[in-house]
Amino acid sequence: MRVVVESQGFKTSDREAERRLTAQWVSVEGESGAGKSTGFEAMFLAWGPAPFLKAMPAVKACSQISTTLSIGGARWRITRNPTSNSVEFERTSAGEVPMRIPLTSRDPERPTASRFLLEQLGIPALRQGGKVLGIEHIVPFMYVRQASTGATFLGGMKPELRELAVRAMLGLREDAIEAARDTCRDLRRDLTAARRALAGFEALRAKFGFSTPEELAHRRHQVEQDLAQARETARKTAQALGNANKTLQELRDAANKAHPAADTTDRAATTADKRLGDALRRLGEAEGRLAQLRSPAPVTCPTCRQRLRTDGLAENVCPMCKEDDPGRRGRSPAQDERLRSAAKAVEDARKLCDLLRKQAAQAREKATAANRAVRQAYQTADAFAKATVEPLRLAAVEAENKVRELAVLAEQLGERTDELVNAITTQQNAVKRLEVAVREAAQALADVQSQAQARLADLLKKWSVLFARRMAAAGARWRHAHIAEDGFTPVVNGESFDQVSVAGSTLALVELNALVSLRELGQQVATSSVPGLLVVDAALAGLSDTPADARVRTYLLHLFAQTAAGDGPLSQIVTASQEAIGGHPGARTIALSKSEPYIPGLVLADTA
């Protein structure tokens, strides 16, 4: 895939600046601190954040960064605020309205900036082992960073993500595998459904208790007889329950009728008790008067305490204070008559009390007997309800439940009589057929996967041949080189990238050759979409003046010059170095310094 960076844009609150990169080899040269790494990281930060990218101070000072790319035949301007959660895509070659696409989305159908950019690059968003390919996994194949080159392969990218990215860029979409996997999955799902349906039919057969259609018909006839018998039992039980409820109601009505009589006797007993109380009170008063008359005559007035006289005064009047003294016994001849009269009144009151006491006792006995009769009536009704009515009610409920259960079973038997046996046979045949289809689909999936693995092995072999050629062209000391199947890691002289003892320029050369040979492989694969862009920060870092390093330098400069001339697998290479290396035909040199940094017009003390 031809990918070329045409320019970068930088915007602050008071100015805008642009850096033009229109050349197949752009050599950015300048002293340390001129912002080379800052500009390169900003190139890819415009596409969205990535774990290995860092917004340096000069980029943080920008309110907006942009990168203009030529992807295939389309020209895109990609713009982003370094702190925003969206990216703006504008297809300037077609004059379309800019689209603002979010960085993340919970809806898998809604596009994200990563998925949109992958789509423009022609790279499918493959999934493997729970990992989903994103643009941040493709950037390490386009951007060799100063911070990681010569130390970690592709910036320390995980092997499983490297494999996923390479498969996607080489067009190993594995459509046949996915189709076979979908077919196998669908057949397994159908087999599971068929087995579940068969289990349901067999459960019904076990419930109905039959194996053959004749047994099913006999079972249905037996259930219909049981249902008729259960209905008759329920009818008789309901009738007996109705009669028992009627008897119970009669007992309760009798108890309720006894209530008024008991209330009447209670009121009569209360009235007799009241009359007895009144008579006893009058008896007490009569006995008090009699006792008063029988007491000795007073000699002093209870009011004035003067000695009493009887001269010319009433019997009950004090001759001194003239106050009435009703308790004073007169000293007249009528005293005996009053005593006889008071004694007779006491005798009459006692006789009346005796009579009323007998009447009250009789009334209370009648009330007690009436209340006892009411209690016995209610106890009889409750005992009948407990001993007769409640068992009949429970029996009636059980009988109705039995009728309903047998009715449902009879209905099911009626519906299934003609079809259940045939359904079980049909379902058993379907399960057998699907089991065979699942085995065949699994074998087909294994065959397709084996073919895909063989294709991958063939591509890996071709990649290894191309990689070995490039390593041999860089120097005779790299005698053996290939790309390992595990994580697509380059191996040189028997040592993998992360195990080689020599770091620095050697590992930088290995990484660059692995990436360039991958692009050569992409040119041979019709379905490939490996981006032709390669950005290399500190391209010649670590190279000394020794003959071996001089050969490496010559090799790399030749590679860059090939790209400048339009030859080779790269559509564009952008390099950064502290020394002048771009003096080749077709190369565009951008000279920088701390006073003239990569981002024009933004001079910061801590730019890198």
Side-chain angles (χ1 to χ4, degrees), residues 105-112 114-115 118-119 122-134 137 158-213 215-216 412 415-460 485-488 525-529:
S105 173
R106 294 183 179 180
D107 184 1
E109 301 299 325
R110 185 181 179 187
T112 61
S114 177
R115 289 199 290 263
L118 284 177
E119 182 180 349
I123 300 174
L126 298 184
R127 297 171 179 265
Q128 177 177 306
K131 304 292 184 181
V132 182
L133 187 69
H137 305 133
K158 293 183 178 180
E160 61 269 20
L161 293 175
R162 290 204 301 268
E163 294 181 13
L164 195 63
V166 171
R167 287 173 181 269
M169 289 187 292
L170 291 180
L172 297 177
R173 303 177 63 96
E174 302 179 349
D175 294 336
I177 294 179
E178 288 301 320
R181 186 176 287 116
D182 291 342
T183 300
C184 191
R185 182 172 57 250
D186 292 343
L187 287 172
R188 290 180 191 276
R189 184 171 58 247
D190 294 342
L191 176 59
T192 300
R195 285 173 173 169
R196 188 181 299 114
L198 177 60
F201 286 131
E202 290 177 340
L204 282 175
R205 182 172 66 181
K207 176 181 179 182
F208 298 151
F210 75 94
S211 297
T212 65
E215 290 180 1
L216 179 60
Q412 290 177 341
E415 294 175 351
R416 304 283 183 173
T417 299
D418 299 327
E419 65 181 52
L420 193 52
V421 174
N422 293 332
I424 289 178
T425 303
T426 301
Q427 206 64 39
Q428 286 174 338
N429 294 334
V431 168
K432 293 178 181 178
R433 176 180 55 81
L434 286 171
E435 286 175 343
V436 173
V438 166
R439 287 195 296 270
E440 292 175 350
Q443 184 60 46
L445 175 60
D447 293 342
V448 174
Q449 288 176 330
S450 177
Q451 294 171 7
Q453 190 63 29
R455 184 186 175 199
L456 177 60
D458 180 63
L459 290 175
L460 191 61
E485 182 179 357
D486 185 14
F488 301 146
V525 179
T527 58
S528 168
S529 55

Paired with Leu187, the side-chain contact (heavy atoms from CB on, under 4.5 Å) test is passed by just one of Val438, Thr192, Val436, namely Val438

Please check if the number of heavy atoms outside [X] that lie under 6.0 Å from its [atom1] is greater than 12.
X: Glu485; atom1: CD; result: no
X: Asp486; atom1: CG; result: no
X: Arg185; atom1: CZ; result: yes

Between [atom1] of [X] and [atom2] of [Y], what distance do you get to the nearest 0.5 Å?
X: Leu170; Y: Leu456; atom1: CG; atom2: CG; result: 8.5 Å
X: Phe488; Y: Arg167; atom1: CZ; atom2: CZ; result: 5.5 Å
X: His137; Y: Arg162; atom1: NE2; atom2: CZ; result: 12.5 Å
X: Leu191; Y: Arg433; atom1: CG; atom2: CZ; result: 10.0 Å
X: Leu126; Y: Glu163; atom1: CG; atom2: CD; result: 12.5 Å
X: Leu434; Y: Glu440; atom1: CG; atom2: CD; result: 11.0 Å

*Can you check whether Gly122's main-chain N or O pairs, donor with acceptor, with Ser529's side chain at less than 3.5 Å?*
yes

Can you check whether Arg110's main-chain N or O pairs, donor with acceptor, with Arg115's side chain at less than 3.5 Å? yes

### Message
Please evaluate residues Val525 and Leu459 with respect to the criterion side chain to side chain contact (heavy atoms under 4.5 Å, CB included), reporting the C-alpha separation (whole Å), side-chain torsions for both, the decisive distance (0.1 Å), and the verdict.
### Response
CA-CA 9 Å; Val525 179; Leu459 290 175; 3.6 Å; yes

What one should report as the nearest heavy-atom pair of Leu133 and Pro124 is CD2-O, 3.4 Å

Between Asp447 and Gln451, do the side chains contain a donor N or O and an acceptor N or O under 3.5 Å apart? no

**Q.** N-O pairing of Asp186 and Arg189 below 4.0 Å
**A.** yes

Under 4.0 Å between a Lys/Arg side-chain N and an Asp/Glu carboxylate O for Arg195 and Glu435?
yes

